[in-house]
> 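What follows is a structure written as structure tokens; I'll ask about it next.
These numbers come from the heavy atoms of this one structure, side chains and all, not from hydrogens, waters or symmetry mates.
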Amino acid sequence: MKKKIKRSSIKDVGREAGVSISTVSSVINKNKFVSEEREKRVLEAIKKLKYRPNIIARGLRTKSTRAIGVILPDIAQPFFAQVIKGMEGATRKRGYTLVLGCSFYDIAEEERQINVLMNQFVDGIIFFCGYDSHDHIRMVHDSGIPVVVTDREIGNTHIPSVLIDNTLAMEMVIDYLAKLGHREIGYVSFSFDNQTTARKRYEGYLSGLKKNGLKYNPEQVIIDDSIRMNEFSGAYDVVKGLLRKKSMPTAFATLADYLAIGLIKALREMGYRIPGDISVMGFNNEIVSQFSEPPLTSVKQPKKLMGKMAMDLLLDMVEGKEIEDKNIILPTEIIERGSTGPIEVKSNP
């Protein structure tokens, strides 16, 4: 039977260093003056015994673990990685640590992750976009744990949020394509049942069509949930199958860049020129959009800034600071590249 390794305690460190437990605690937490000689002995004892403080136990005493929980729907998606990068920089600068949980767009899993984080006594939780059910988020907020949502609308002004106006941003896409002369504009997305961000962008697509006097054609709209967790290859497979059955627009708007890149690959294999025959527009301005063939025109949103602002907002709440602006809307812009162009008028032979 494998022998269980005994973990060193704060008492062991105190005994080794010849100091009291309170002195060891003061050295670890840096909250009281300790002479240089005693501090050196404590640090040497910690190193010798390979002592690691019990963060949860310490949190129970100090009422702070200096850990922040973040729940996101897809850890492999580059958009979330960039936002997390902004969050991580803010937490490190202010002496906190990130604890990540992934829901995989599953509301039950998101609720389970909440319980895990609350059992670890995190100081606050940030929720990314996910499903429309918000009762569990309100529960966390009402329990007194600071909460911020990012890229997610929950209709509660008491819970701070940092996001873009997804409806307006997609309207901008349709405006842009309409100004290029496109009168038939299709749309590609995964399903948006109970999913705020995807639904808001689809609403922006519809309102953009109406604003520009364009007709909605269901034959030119592809909405399929099988591409949600594998956007590139999923979009390619689904789009290639469905495009054979549908009438073709002169331009496509898409929910995200990876859907657009999968769409472009499928279209080109079917003999269409991009943008000569069909323009394709992405959303999120991922790094890969610069290197697709052709380079992808996309909507840029400030991903790292979104993460930094959400984390700073949460940490201000954790530290008891007054919050002036609880609901922050960040700007977007269109980055024009080679996947879009004016509609080509084909002359008769």
> Could you check Glu16, Arg15, Glu44 and say which one makes a side-chain contact (heavy atoms from CB on, under 4.5 Å) with Leu49?
Glu16

> What heavy-atom pair brings Val147 and His141 nearest, and what distance separates the two atoms?
CG2-N, 3.9 Å

> Starting at CD of Glu184, measure out to CG of Asn217 and round the result to the nearest 0.5 Å.
6.5 Å

> Could you see if Leu314 belongs to whatever hydrophobic cluster contains Phe80? Use Ile, Leu, Val, Met, Phe, Trp, Tyr and a side-chain cutoff under 4.5 Å.
yes

> Tyr187 vs Tyr202 aromatic rings, parallel, tilted or perpendicular, using cut-offs 30° and 60°?
tilted

> How about CD on Glu36, more than 12 heavy atoms from neighbouring residues, nucleotides or ligands closer than 6.0 Å, or not?
no

> Find out whether Thr97 and Arg66 are in side-chain contact, i.e. whether some heavy atom of one side chain is under 4.5 Å from a heavy atom of the other.
no

> Is there a side-chain contact between Lys215 and Leu209, using heavy atoms and a 4.5 Å cut-off?
no

> Determine the minimum heavy-atom distance between Asp175 and Lys211, stating which atoms define it.
OD2-NZ, 2.8 Å

> To the closest 0.5 Å, what do you measure between CG (Leu72) and SG (Cys102)?
5.0 Å

> Nearest 0.5 angstrom please: Met306 CE to Met311 CE, how far?
14.0 Å

> With side chains defined as the heavy atoms from C-beta onward, is the minimum distance between Asp165 and Thr167 less than 4.5 Å?
yes

> Is there a side-chain contact between Val116 and Arg112 in this structure, where contact means two heavy atoms from C-beta onward sitting under 4.5 Å apart?
yes

> Taking all non-hydrogen atoms of both residues into account, name the closest pair between Val99 and Ala67 and its distance.
CG2-CB, 4.1 Å

> Can you measure from CG (Leu296) to OG (Ser339) and round to the nearest 0.5 angstrom?
4.5 Å

> Will you find, in the side chains of Asp12 and Ser9, an N or O donor that is under 3.5 Å from an N or O acceptor?
yes

> Under a single-linkage definition using a 4.5 Å side-chain heavy-atom cutoff for Ile, Leu, Val, Met, Phe, Trp and Tyr, are Ile329 and Phe128 assigned to the same hydrophobic cluster?
no

> Which residue in the set Gln301, Gln82, Arg337 passes side-chain hydrogen bond (donor to acceptor under 3.5 Å, both in side chains) when paired with Asn285?
Arg337

> Would you say Leu263 ends up clustered with Ile335 if hydrophobic residues are merged whenever their side chains have heavy atoms under 4.5 Å apart, either directly or through other cluster members?
no

> Does the pair Glu203/Arg199 count as a salt bridge with the N-to-O cut at 4.0 Å?
yes

> Any chance the side chains of Glu336 and Tyr176 put a donor and an acceptor closer than 3.5 Å?
yes

> What's the separation between atom CG in Asn284 and atom CG in Asp151, rounded to the nearest 0.5 Å?
8.0 Å

> Is a salt bridge present between Asp277 and Arg268, judged by a nitrogen-to-oxygen distance below 4.0 Å?
no

> Side chains of Val173 and Arg201, heavy atoms from C-beta outward: is any pair under 4.5 Å?
no

> If you take all heavy atoms of Ile84 and Leu100, which pair is closest and at what distance?
CD1-CD2, 3.7 Å

> Give, for atom CD1 of Ile328 and atom OG1 of Thr150, the distance between the pair rounded to the nearest 0.5 Å.
9.5 Å

> Under the ring-ring contact (aromatic ring centres under 6.0 Å, His included) rule, what pairs show up with a residue in residues 263-298, not counting sequence neighbours?
none

> Under 4.5 Å between side-chain heavy atoms, counting indirect links through other Ile/Leu/Val/Met/Phe/Trp/Tyr residues: same cluster for Leu267 and Val221 or not?
yes

> Which heavy-atom pair separates Pro294 from Ile274 by the least distance, and what is that distance?
CG-O, 3.6 Å

> Can you tell if the side chain of Arg41 reaches within under 4.5 Å of the side chain of Arg38, non-hydrogen atoms only?
yes

